[in-house]
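FYI, the numbering just counts along the sequence from 1.
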Amino acid sequence: MINLKKTSTADMLFRTFNGLFMISFVVITLYPIINTLAISLNDGTDALRGGIYLFPRRFSLKNYITVLQKQNLITGAYITVSRTVLGTLLSVVSNAILAFIVSRKGFLLKKQLSIFWVVTMYVNGGLIPTFLLYKGLGLTNSFGVYVIPGMLSAFNMLVIRTYMNGIPDSLEESAQLDGAGYTTIFLRIIAPLCTPVFATIALFVAVGQWNSWFDAMLFNRMSHDLTTLQYELMKLLSSVTNQSTSIESMKNNSGSVTPTSVRAAATMITMLPIICVYPFLQRYFVTGLTLGGVKE
């Protein structure tokens with residue numbers, strides 16, 4: 001009876017501490033997002049005075065209007081959505097096929113290919129050789145530079161391969177006894193069982209594709225019809241920063257936008273699609289990453 005009372009007290013303390021910790025963690029996580037939203041909806045010059053935490057002090061949509069009036073923004077959004085959808089699809093399919101091949105126990109080059117892919121995670125040619133290689137392959141000034149180089153990733157392939165290694169061999173052996181080939185086994189047995197790890201990798205790739213802007217600046221800088229949303233927002237932020245000569249001049253110019261307010265609006269615009277997609281993939285995230293990351 002005494003032990004039960006001690007256990008109950010300890011359990012209550014643990015639950016209380018756990019609840020307080022989780023509430024604190026949620027507040028710390030959500031506050032930067034809410035604060036950024038409040039600044040983005042506040043008048044730019046008024047935001048320079050500070051003191052904006054959870055709600056805008058002088059409501060204004062001028063920051064969003066400034067961002068959305070940016071030239072090439074529609075083209076950039078179309079290219080960004082296209083590269084995110086196509087790049088994610090091609091990356092998941094390519095890495096899944098390669099992981100399936102490498103995970104087969106009867107594959108002779110299984111060990112050699114695994115070592116080769118691991119080496120590529122630590123060794124690369126650098127920026128200039130990469131640029132010259134892409135130029136030689138004709139990838140510069142083309143849409144292909146957004147999706148083709150990212151089709152295969154050593155890290156993603158190894159995570160998927162490790163997940164596939166955890167699937168019982170008896171499933172494949174039973175299918176082979178029924179006359180199924182490797183294509184049928186992959187499409188009808190392995191792929192459906194790998195949905196959690198596929199969703200996890202898809203989220204990784206999609207976030208990377210959506211946020212990427214450096215490749216647009218480096219490889220498609222002169223192709224205005226191949227610009228991306230993030231690159232256009234980066235150029236807008238740079239132009240607003242250059243136009244703002246001093247804080248006092250911005251304070252005297254009532255109603256104007258500021259780098260801080262435009263940065264907040266651009267952040268919310270770029271963050272919104274990921275926030276909408278993440279809840280649908282979150283249930284696969286822990287399972288796919290945990291089982292795929294276990295190394296035996």
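- By the 4.5 Å heavy-atom criterion applied to side chains, L218 and L127 are counted as neighbours.
- A distance of 6.5 Å separates CG of L171 from CD1 of I189, quoted to the nearest 0.5 Å.
- Shortest non-hydrogen contact noted between V205 and G87 is CG1-O, 4.0 Å.
- With contacts defined as side-chain heavy-atom distances shorter than 4.5 Å, the pair L158/R161 qualifies.
- Counting heavy-atom neighbours within 6.0 Å of L177 CG, excluding the residue itself, gives a total above 12.
- The shortest side-chain heavy-atom distance between L113 and F107 falls under the 4.5 Å cut-off.
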Subject >> Derivation and outcome, side chain to side chain contact (heavy atoms under 4.5 Å, CB included), residues F186 and M164 >> reply: CA-CA 10 Å; F186 175 74; M164 289 181 177; 4.1 Å; yes
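- The environment of Y31 atom OH is dense: over 12 non-hydrogen atoms of other residues, nucleotides or ligands sit within 6.0 angstrom.
- Side chains of L61 and L41 form a contact here, defined as non-hydrogen atoms less than 4.5 Å apart.
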**OP:** Could you go through the side chain to side chain contact (heavy atoms under 4.5 Å, CB included) check for W117 and L152 one step at a time?
**Re:** CA-CA 10 Å; W117 283 108; L152 293 178; 3.7 Å; yes
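- A side-chain N or O of S91 and one of N95 form a donor-acceptor pair less than 3.5 Å apart.
- Taking CD1 from I160 and CZ from F198, the interatomic distance works out to 5.5 Å, rounded to the nearest 0.5 Å.
- In this structure, the side chain of S40 engages the main chain of L37 through a donor-acceptor pair within 3.5 Å.
- Interatomic distance, CE of M151 versus CG of L89, reported as 9.5 Å (0.5 Å rounding).
- The nearest pair of heavy atoms linking P196 to L193 is CD-O, 3.8 Å.
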**OP:** Before giving the answer on side chain to side chain contact (heavy atoms under 4.5 Å, CB included), spell out for E172 and R104 the whole-Å C-alpha distance, their side-chain angles and the decisive distance to 0.1 Å.
**Re:** CA-CA 10 Å; E172 181 178 345; R104 297 305 92 193; 2.2 Å; yes
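- Scanning all heavy atoms of the two residues, the minimum distance from P149 to G144 falls at CD-O, 3.5 Å.
- For I128, the CD1 atom sits in a loose shell: 12 or fewer heavy atoms of surrounding residues, nucleotides or ligands are nearer than 6.0 Å.
- Side chain of N220 to backbone of S142: a donor-acceptor contact under 3.5 angstrom is found.
- Counted by atom type alone, T88 and R83 present zero donor-acceptor pairs between their side chains at under 3.5 Å.
- Using a 4.0 Å cut-off between charged nitrogen and carboxylate oxygen, D169 and K105 count as a salt-bridge pair.
- Looking at I23 and F25, their side chains never come closer than 4.5 Å, going by heavy atoms from C-beta outward.
- Put simply, CZ on F131 and NZ on K135 are 5.5 Å apart, with the number rounded to the nearest 0.5 Å.
- Between the side chain of T184 and the backbone N or O of A180, no donor-acceptor pair lies under 3.5 Å.
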**OP:** Could you please spell out the steps behind the side chain to side chain contact (heavy atoms under 4.5 Å, CB included) verdict for H224 and T75?
**Re:** CA-CA 8 Å; H224 299 293; T75 302; over 6 Å; no
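- At distances below 3.5 Å, not a single donor-acceptor pair connects side-chain atoms of N42 with backbone N or O atoms of F59.
- A side-chain N or O of N141 and one of S223 form a donor-acceptor pair less than 3.5 Å apart.
- Across every non-hydrogen atom of Y64 and A265, the tightest pair is CE2-O, 3.9 Å.
- Atom CG in N63 sits 10.0 Å away from atom CD1 in I39 (nearest 0.5 Å).
- The side-chain heavy atoms of F214 and M234, taken from C-beta on, include no pair separated by under 4.5 Å.
- Hydrophobic clustering of Ile, Leu, Val, Met, Phe, Trp and Tyr side chains at less than 4.5 Å, counting indirect connections, unites W213 with L139.
- One N or O on the side chain of Q230 and one on the backbone of W210 form a donor-acceptor pair closer than 3.5 Å.
- At a threshold of 4.5 Å between non-hydrogen side-chain atoms, the residues Y182 and F100 count as touching.
- Between the side chains of S212 and D215, at least one donor-acceptor pair of N or O atoms lies under 3.5 Å.
- Here the side chains of L226 and V145 are not in contact, with every heavy-atom distance at 4.5 Å or above.
- L229 contributes atom CG, which lies 14.5 Å from atom OH of Y78 (distance to the nearest 0.5 angstrom).
- Aromatic rings of Y146 and F143 (six-membered ring for Trp) have centroids within the 6.0 Å cut-off, being under it.
- Here the closest heavy-atom approach between residue A206 and residue T84 is recorded as O-CG2, 3.8 Å.
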